Structures are given as structure tokens and as C-alpha cells.
Number of protein chains: 2
Amino acid sequence: MQEKTLAKLEQEGESFSLSECDLLVREGQPGDENFTVVEGTLMLYKSLPGGRRQVVGFRFPGELVTLRRCGSTWPVSVSAITPCNVNRLPCQAFQDLVESDRDVCQTLLDLASDEIAARQEQLLTVGRKNTVERIAAFILEIWHRTQRWPAQNDEVLLPMNRAAIADYLGLKTETVSRAFARLVHEDILALPRPSHVVLLDRPALEGLAEGRRSLFDEGLTRRA
Amino acid sequence: MQEKTLAKLEQEGESFSLSECDLLVREGQPGDENFTVVEGTLMLYKSLPGGRRQVVGFRFPGELVTLRRCGSTWPVSVSAITPCNVNRLPCQAFQDLVESDRDVCQTLLDLASDEIAARQEQLLTVGRKNTVERIAAFILEIWHRTQRWPAQNDEVLLPMNRAAIADYLGLKTETVSRAFARLVHEDILALPRPSHVVLLDRPALEGLAEGRRSLFDEGLTRRA
DNA sequence: CGCCCCGTTGACCAGTATCAATCGAAGTGG
DNA sequence: CCACTTCGATTGATACTGGTCAACGGGGCG
């Protein structure tokens, strides 16, 4: 259903490619266009003076970049964190499709609901979890979203670097490194390369991500 | 337009009231209903073990509580922070209205876009601003949203207590108090009562909220 | 009148940021 | 092919913001 809707959007639009680090749109910029990702990974973020940056989402193949009110300015910047193929659809054509096809409209409302729920979840992570819990939640999120064909394996390839992870989780890169190091030390993860994560103990990782479990539950009690 | 759409929703639904602190729905609960606020203020939040809580939004009169995928469970809890009148509309009736009326569908997509942008903004605030900047942004947000009739006055009545503010901003109540105290000390705000904020220097407050200005730009440099 | 809750303030602590150095892999040029 | 450069990741030492714990104050209500 979502696939079909996105396919409808894409057959009306035109496709083009982006190199790694290319900026697709800049925060505050006008522009009545919608985009979908065909190939690669995009990053959505907002900036603050002093080089502060908050990543508010990643977009993988098959996803709509963002729902936008026609005539509005972009609330975020979007840039490619890998080489990408992106499909562009003018806002008006998008609008027409919504009005002519009720399935499209319903699907978009569902996608919007999912996106809102995802941002609420990210808020919980950024606002109320500690460093290790944030990293655990992050790895599991990317794992879920990139397991397109349920190949029940326990590996994740992170397309984003440590700076992007840090800015997604409201941390600094050094802090991200240390959290990874702790998870590796506890034998919950392995990191053959910085972008290659192997899940050694998924239940433990899930416990951390949901704040049920602490790295000190056992193991650092003096006389255990 | 949005008002007209919400009115359509409300005339189909049934209205009822909530007392302060009543729980409207609990996170994870099933329930195919949509709600709008007629009177009062609602709070949306998510919980974590250990009593940790993240508020992900407030709802004022005339607002839809949240867009929901039909058949899904609630991703958040909703409770009344003041006495409220709320309108309930079964998901199916909501669905029917969306399908029969393209204006409704378009308006809902616009509302969803706004909500997504608002959560992105909150993420920036929680992830990348310091205590004072968060409070400044918060006060201005509530000020904007409660100035329904552009009575160009500089007063805000906060319907939520310090705990709700803290949980919205990823802080503790003591920290919220201290930030208010600093803003009062700098003559940017006055606080006749804890819930009654008077904006004495809106430009300064906006500068802080956007991270352009620091409380130390002048005033705490040793020899100024 | 007194209790209780919420907000405020103070003293101290801890987790994360900051600053700095090092490591390692990938790319470049001799 | 190998030295050199570069950039991202990692690790260590220290600083600082916000959290924790505790006490106090004021207003509302029984």
C-alpha cells in the first residue's frame, strides 16, 4: 500500500542523483517540491548559531523525505550522507494526486502519523535517556529500518558517521565513541569497523534501549 | 479553514468533560478514537521505567489531540492539566469524513505537517539548547499559541506546572526554577505568580530562544 | 490552625562536554 | 610500492552544566 502510493508519486516525478554531502535543500528555503528517496540515505537537520546542529531524521530508500504544507518554507535542511538517487515531484502535482486519489491521501495520513510517532520516540530518547540507552535505541532503530528483507541476521551497517549519530541523539562524537566502547566491553556489540555493528546480545540491547536495564544491574555490584 | 474542518469533526462526535489530572488515554492502549479539545489544556507524554517522563506536546482549545493510524495503539498517554471539555470521534467516522471531503483531508495533511515541524523544533530545543534557552523558547511557544486574539500584550498564563515544563524540556523542576530566576534577575521576565509570566524584554527572550544571544554576552565579563 | 503540595533556593555530585593527543584507514604523490 | 597527508574515530584528563539531595517558604484547603 505505501509502496504503491510512493510508486504513484515517483512515476509522476523526475529522478536525479546526489553525491555524498550534497545539500538537497536548506532550512528556511522556499520551494514547492516533494522528494522521495530511490537509493542512498538522506539526513534531515536543523541548525543553531555556534555550529550546533540537531538531526531530526534519516531517510532510506522508499521513504518520503517529508510531508510539507504547500507554499511553506523548509523547516529543515536535507543532505545526502551517501550517494543518492532522489525523485522530485512539484508540490502542485503532489496536491493533485492527493485530491484525485483517496488511497494516496489515506496513505499519506498514515505516513504522517508514523513520522509523528517516530519524532515522539526520538524526543523520549534525547530528553530522558542516558548516553548508553540512546546508543542502544539508535542501533535498534537503524537495525529495524534497514532489515528490509527479514534476513534474520544481527548485523547493521551504519551509513552515517559519528557526528551525525551524535547530532541525532543530542550528544558529542566523543561521547558516542565511549558509549560504543562500553557496549563492546560488555559483549553486547562487536564493531569490526566503526560503521559495522554486530548485535551479540539483542535482549540486553533492547533492555537498555527501553530503560529497563542498566549496565550496572549486575557486574559492577561489589561482591557479585 | 482549519477551524471549519475541526468543526466538521466535532459536529459528528460527542463531547464530554475531564477533571484536572484525569487520564484520557494511556500509552500502548488500543482504541479507535480521535479527540479534539473544546476547552482546557491537555498534555501528551511518554514514560520510561524509573518514573522518567517526556512530554511531547500540549493541546489547547480548537486543536486535534493527535492524528492516528486506524487500528493502532496510542503511542502516548494524554492527560488533562486543567479541567477540559473534549470531543470524541470514532476512528471510522473520522475515516469516512476524510474520504468524503477532500478539504478535510488536505487540512489534516497540513495539520500533520505542522505537528511534525513542531516536534522537530522541540527536538532542537531539547537536544541542543541550554537551560535558559529552552525556557526562553518554551515561554515564547506558549505565548504564541495562546495569543488567540492578537491582543498585543506581553503576558502569558502557563496552565502547566513546573514538573510538566521540566518534562517537556528534558530538565528537572529545580533547574526550571533556576532558569526562571535568572531570566527574572536579568529583567527579561517578571513572575508575579509562578504561572503568570510577564515578558519585559521580548527581543532578548527571542535572542536567547534562538541561541543567538547568551546571558553572558555582557554583564558577567569580569571588567565590564 | 496546621498540613500538604508546589515552587524556590542552597550545597554538593555526576555525567557529559571540552580540550588535547593518538590511532588507523583511505587517498595522494613521489 | 611506500612515505606522507588527512580525516574520522578513539582515548585520556579536566571542566562545567545540570542533576541530586535537602531544607525552606507560601498559598490553599480541610
Side-chain angles (χ1 to χ4, degrees), chain A residues 19-21 43 48 50-54 81-82 125-136 138-139 157-185 189-197 208 211 214-216 220, chain B residues 19-21 43 48 50-54 81-82 125-136 138-139 157-185 189-197 208 211 214-216 220:
Chain A
S19 304
E20 191 174 333
C21 296
M43 169 175 77
L48 230 42
R52 290 179 283 178
R53 192 178 67 158
Q54 177 66 42
I81 59 180
T82 69
T125 295
V126 171
R128 289 301 183 211
K129 291 180 189 170
N130 65 32
T131 303
V132 170
E133 290 168 343
R134 293 185 211 194
I135 295 294
F138 172 75
I139 293 169
L157 282 176
L158 303 176
M160 66 292 288
N161 62 20
R162 295 292 187 262
I165 298 174
D167 287 340
Y168 184 67
L169 298 173
L171 299 170
K172 296 292 176 189
T173 62
E174 297 94 326
T175 308
V176 171
S177 266
R178 284 185 242 271
F180 272 110
R182 287 189 62 185
L183 290 169
V184 169
H185 182 255
L189 299 181
L191 273 182
R193 280 174 299 111
S195 64
H196 184 184
V197 181
L208 287 170
S214 148
L215 277 191
F216 302 109
L220 280 198
Chain B
S19 304
E20 192 174 334
C21 297
M43 171 175 77
L48 229 44
R52 290 179 283 178
R53 193 179 66 160
Q54 178 67 40
I81 59 179
T82 69
T125 296
V126 171
R128 289 302 183 210
K129 292 180 188 169
N130 65 30
T131 303
V132 170
E133 292 167 342
R134 292 184 212 195
I135 295 293
F138 172 74
I139 293 169
L157 282 176
L158 303 176
M160 65 293 287
N161 61 21
R162 295 292 187 263
I165 298 174
D167 287 341
Y168 184 66
L169 298 173
L171 299 171
K172 295 292 175 186
T173 62
E174 297 93 326
T175 309
V176 171
S177 266
R178 284 186 245 271
F180 272 109
R182 288 189 62 185
L183 291 169
V184 168
H185 182 255
L189 299 182
L191 273 183
R193 280 172 300 112
S195 63
H196 183 185
V197 180
L208 287 170
S214 148
L215 277 191
F216 302 108
L220 280 198

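The structure presented is a predicted model; accordingly, all values stated were derived computationally and were not measured. Reckoned from all heavy atoms, side chains included, excluding hydrogens, waters and symmetry mates. Just so it is clear: chains get the letters A, B, ... in the order the sequence lines come, proteins before strands, and each one is counted from 1.
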| task | Calculate, to the nearest 0.5 Å, the distance between atoms OG1 and CG belonging to A:Thr125 and B:Leu48 respectively. | result | 8.0 Å
| task | Verify the contact: side-chain N or O of B:Thr175 to OP1 or OP2 of D:dG19, cut-off strictly under 4.0 Å; return yes or no. | result | yes
| task | Could you check B:Asn130 against A:Thr173 and say which one's nearest nucleotide on DNA chain D is further toward the 5' end? | result | A:Thr173
| Just checking B:Arg178: base, sugar-phosphate only, or nothing, at a heavy-atom cut-off of under 4.0 Å? | base
| message | Tell me the interatomic distance from A:Lys172, atom NZ, to D:dA9, atom P, rounded to whole angstroms. | response | 15 Å
| remark: Of the candidates C:dT16, C:dT8, D:dA9, the side chain of B:Arg162 sits closest to C:dT8
| query | Whole Å only: how far is the CZ atom of A:Arg193 from the C1' atom of C:dC23? | reply | 17 Å
| request: Go through D:dT11, C:dT16, D:dT10 for me and flag the one nearest to the A:Pro194 side chain. | output: D:dT10
| request: Can you tell me the distance, in whole Å, between the CG atom of B:Asn161 and the C1' atom of D:dG27? | output: 15 Å
| query | Is any side-chain N or O of A:Ser177 closer than 4.0 Å to OP1 or OP2 of D:dA9? | reply | no
| Taking every non-hydrogen atom, the tightest pair across A:Leu208 and A:Glu133 | O-CG, 3.1 Å
| field | Over all atoms of both residues, closest heavy-atom pair of A:Gln54 and A:Tyr168 | value | NE2-O, 3.1 Å
| Length of the CD1-P vector between A:Ile135 and D:dA9, whole Å | 12 Å
| Stacked cation flag A:Arg162 on A:Phe180, 6.0 angstrom / 45 deg | yes
| message | Between A:Phe180 and A:Arg128, which residue's closest nucleotide on DNA chain D lies nearer the 5′ terminus? | response | A:Phe180
| In whole angstroms, how far is the P atom of C:dC6 from the CG atom of B:Leu191? | 18 Å
| message | Measure CD/B:Glu133 against P/D:dT17 and give the value in whole Å, please. | response | 12 Å
| Separation of C:dT16 P from B:Lys129 NZ (nearest whole Å) | 22 Å
| Should the pair A:Asp167-B:Arg128 be classified as a salt bridge under the 4.0 Å nitrogen-to-oxygen rule? | yes
| said: Can you measure B:His196 atom NE2 to D:dG26 atom P for me and round it to whole angstrom units? | reply: 21 Å
